[in-house]
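Report on the following structure.
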Amino acid sequence: MNFDAIPADRLPALLQRMPKAELHIHIEGSLEPELIFALAERNGVTLALDSVEALRAAYAFTDLQSFLDIYYAGASVLLTEQDFHDMAMAYFRRAAADHVVHAELFFDPQTHTERGVPFETVVRGLKRACEDAERELGVSALLILCFLRHLSEEAAFETLAQALPHRDAIAGIGLDSSERGHPPEKFARVFARCRELGFRLVAHAGEEGPPAYVWSALDTLHVERIDHGVRSIDDPALMARLARDGVPLTVCPLSNLKLCVVSSLSEHPLPALLAAGLRATINSDDPAYFGGYLNRNFTETFAALPQLGAAEAYRLARNSLEASFVAPERQAAWVAALDRCFAEAGA
Ligand code: ADE
Ligand code: ZN
């Protein structure tokens with residue numbers, strides 16, 4: 001393909017139009033303030049702030065923990081199966097508009113079971129939304145259950161036991177929440193059990209935590225993808241390992257900006273990760289909180305980083321499709337659609 005044939009002014013439209021997968025989206029992080037207030041009213045939940053505007057104004061984060069405190073408070077309005085369904089459908093409609101052909105949704109059951117919401121309420125609502133998304137919007141979807149790393153491994157084992165009656169609805173297991181002080185090896189035994197059970201494995205590592213956490217996620221948890229992983233840039237041996245093994249990284253540029261992992265998008269390590277041959281992808285993380293869904297992550301990142309052009313756009317979209325947990329034949333059909341999209345654009 002001749003990527004140089006695509007002029008820079010045609011790139012934003014191409015970024016938006018190209019078929020892509022989203023592999024790092026916390027579905028609770030897609031709750032827009034308007035929906036938080038609508039669900040609070042529907043369920044009779046009282047919120048600490050009294051308007052959509054006041055809530056949005058509180059979205060000024062200094063680090064991951066300052067965000068998580070607000071994010072968990074927002075999730076407190078989710079009580080019924082229909083709530084989880086409606087939240088996910090709102091995300092899927094936006095994803096479809098962004099030409100997302102496949103999404104892998106993280107969900108945090110412990111955030112809900114700790115409040116007395118049964119595990120099955122959460123998973124049934126999300127599962128029904130995944131089915132509706134495929135049928136009504138043509139968006140394929142999988143669910144990834146995340147353990148909260150600020151809680152104990154014992155609590156993760158209890159959550160796994162609750163998940164087993166719903167084994168078929170859950171494609172994979174992940175690890176999220178407060179990273180610093182909670183290294184991957186804290187969850188070595190529960191991840192080993194999940195591996196025996198045949199779950200696909202991922203973990204957040206190297207977002208705020210050090211490169212050592214990425215090594216540990218790979219060598220102790222045996223994950224297939226690293227969520228974030230941007231701090232790997234500080235460890236040349238780790239960069240070589242990630243490149244050699246083709247480990248996908250689910251990078252989230254607007255999240256990194258909002259949580260002060262980078263001081264500006266123009267300093268984001270994404271171009272260096274790609275140049276080193278790493279299988280990076282672009283994702284939105286918690287789009288309702290970080291100022292943009294997937295296409296906005298693409299367009300703002302490319303606008304800030306002139307090193308990124310049509311070749312990198314193609315590589316990122318292709319990585320996202322090929323790093324997904326769907327069968328190779330389905331991936332190949334999406335890659336063929338991506339190739340047609342670039343050919344039509346003149347590449
Ligand atoms: N939960 C939701 N978003 C997260 C993030 N960016 N890092 C860790 N845990 C999260
Ligand atoms: Zn995340």
Side-chain angles (χ1 to χ4, degrees), residues 21-32 36 59-76 78 84 87-88 91 95 103-114 122 126 142-151 155-156 159 172-184 186-187 201-210 213-214 216-217 221 223-232 248-262 268-270 280-294 297 320 323:
E22 170 135 77
L23 306 179
H24 186 156
I25 157 82
H26 300 263
I27 198 60
E28 294 92 344
S30 74
L31 261 184
E32 291 287 341
I36 290 179
Y59 293 177
F61 312 116
T62 50
D63 60 7
L64 175 58
Q65 193 60 50
S66 66
F67 155 70
L68 290 171
D69 294 341
I70 288 184
Y71 161 84
Y72 294 130
S76 70
L78 296 160
F84 288 92
M87 167 176 67
Y91 164 72
E104 302 193 354
L105 271 49
F106 293 142
F107 70 109
D108 289 341
Q110 289 159 299
T111 302
H112 314 301
T113 53
E114 282 204 325
V122 180
L126 295 178
L142 294 174
L143 295 175
I144 298 180
L145 182 168
C146 287
F147 298 131
L148 298 181
R149 70 201 303 159
H150 67 272
L151 301 179
T159 302
I173 299 290
L175 185 65
D176 67 1
S177 192
S178 322
E179 187 181 11
R180 285 201 207 107
H182 301 285
K186 180 176 162 186
F187 295 90
L201 302 180
V202 300
H204 282 54
E207 178 184 15
E208 281 188 343
Y213 285 19
V214 179
S216 174
L221 302 187
V223 300
E224 298 172 64
R225 297 194 306 239
I226 296 288
D227 296 314
H228 293 292
V230 283
R231 292 204 50 206
S232 306
L249 299 189
T250 62
V251 176
C252 307
L254 288 177
S255 164
N256 295 153
L257 181 65
K258 283 284 185 182
L259 300 187
C260 308
V261 169
V262 297
H268 198 282
L270 181 65
T281 63
I282 285 188
N283 305 271
S284 70
D285 205 7
D286 299 283
Y289 293 90
F290 298 151
Y293 287 77
L294 191 50
N297 272 272
S320 74

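Start at 1 and go down the list; that is how both ligands and their atoms are numbered. As the structure is a prediction and not an experimental result, all values here were calculated from the model.
The Zn ion (ligand 2) has no N, O or S atom of His228 inside 2.8 Å of it. Here Asp285 reaches the Zn ion (ligand 2): one of its N/O/S atoms is less than 2.8 Å from the metal. Taking backbone and side chain together, His26 holds an N, O or S atom under 2.8 Å from the Zn ion (ligand 2).
Inspection of the Tyr71 and Thr111 side chains reveals no N or O donor paired with an N or O acceptor under 3.5 Å. In this structure, a donor-acceptor pair under 3.5 Å is absent between the side chains of His228 and Glu179.
Taking a 4.0 Å cut-off on heavy atoms, Gly29 fails to register as neighbouring ligand 1. Residue contacts with ligand 1: Leu68 is included, with a non-hydrogen atom under 4.0 Å away. Distances from ligand 1 to the non-hydrogen atoms of Phe106 include no value under 4.0 Å.
Note on Arg225 versus Glu104: salt bridge recorded, some NZ/NE/NH1/NH2 to OD/OE distance being below 4.0 Å.
Residues Pro287 and Ile25 approach most closely at CD-CD1, 3.3 Å, considering heavy atoms. Closest approach of Ser177 and Tyr72 over heavy atoms only: OG-OH, 2.8 Å. The two residues Glu208 and Leu259 have their closest heavy-atom pair at OE2-O, 4.5 Å. Looking at every heavy atom in both residues, Phe187 comes nearest to Pro183 through CD1-O, 4.4 Å.
Below 30°, between 30° and 60°, or above 60°: for His26 and His204 the angle between ring planes is between 30° and 60°, a tilted geometry. In this pair, Phe290 and Phe61 present their aromatic rings perpendicular. The plane angle is above 60°, beyond the 30 to 60° band.
Across Val202, Leu143, Thr250, a single residue satisfies side chain to side chain contact (heavy atoms under 4.5 Å, CB included) together with Phe106, and that is Val202.
Of all protein heavy atoms, the one lying nearest to atom 4 (C) of ligand 1 is His26 NE2, 3.5 Å. Scanning all protein heavy atoms for the shortest distance to atom 6 (N) of ligand 1 gives Asp285 OD2, 2.7 Å.
For ligand 1, the atoms sitting less than 4.0 Å from at least one non-hydrogen atom of Asp286 are 2 (C), 3 (N), 4 (C), 6 (N), numbered in the order shown with element in parentheses. Every atom of ligand 1 with a heavy atom of Phe67 under 4.0 Å away is listed here by number and element: 2 (C), 3 (N). Of all atoms in ligand 1, listed by their number and element, those nearer than 4.0 Å to a heavy atom of Glu207 are 5 (C), 6 (N), 7 (N), 8 (C). Remark: ligand 1 atoms within the under-4.0 Å shell around heavy atoms of His228 are 6 (N).
Remark: among candidates Cys252, Ser177, Cys146, the nearest residue to atom 8 (C) of ligand 1 is Ser177, based on non-hydrogen atoms.
Polar contact check, Ser255 against ligand 1: no nitrogen or oxygen pair lies under 3.5 Å apart. On a distance-only criterion, Asp108 and ligand 1 share no N/O pair closer than 3.5 Å.
His204 contributes NE2 as its N, O or S atom closest to the Zn ion (ligand 2).
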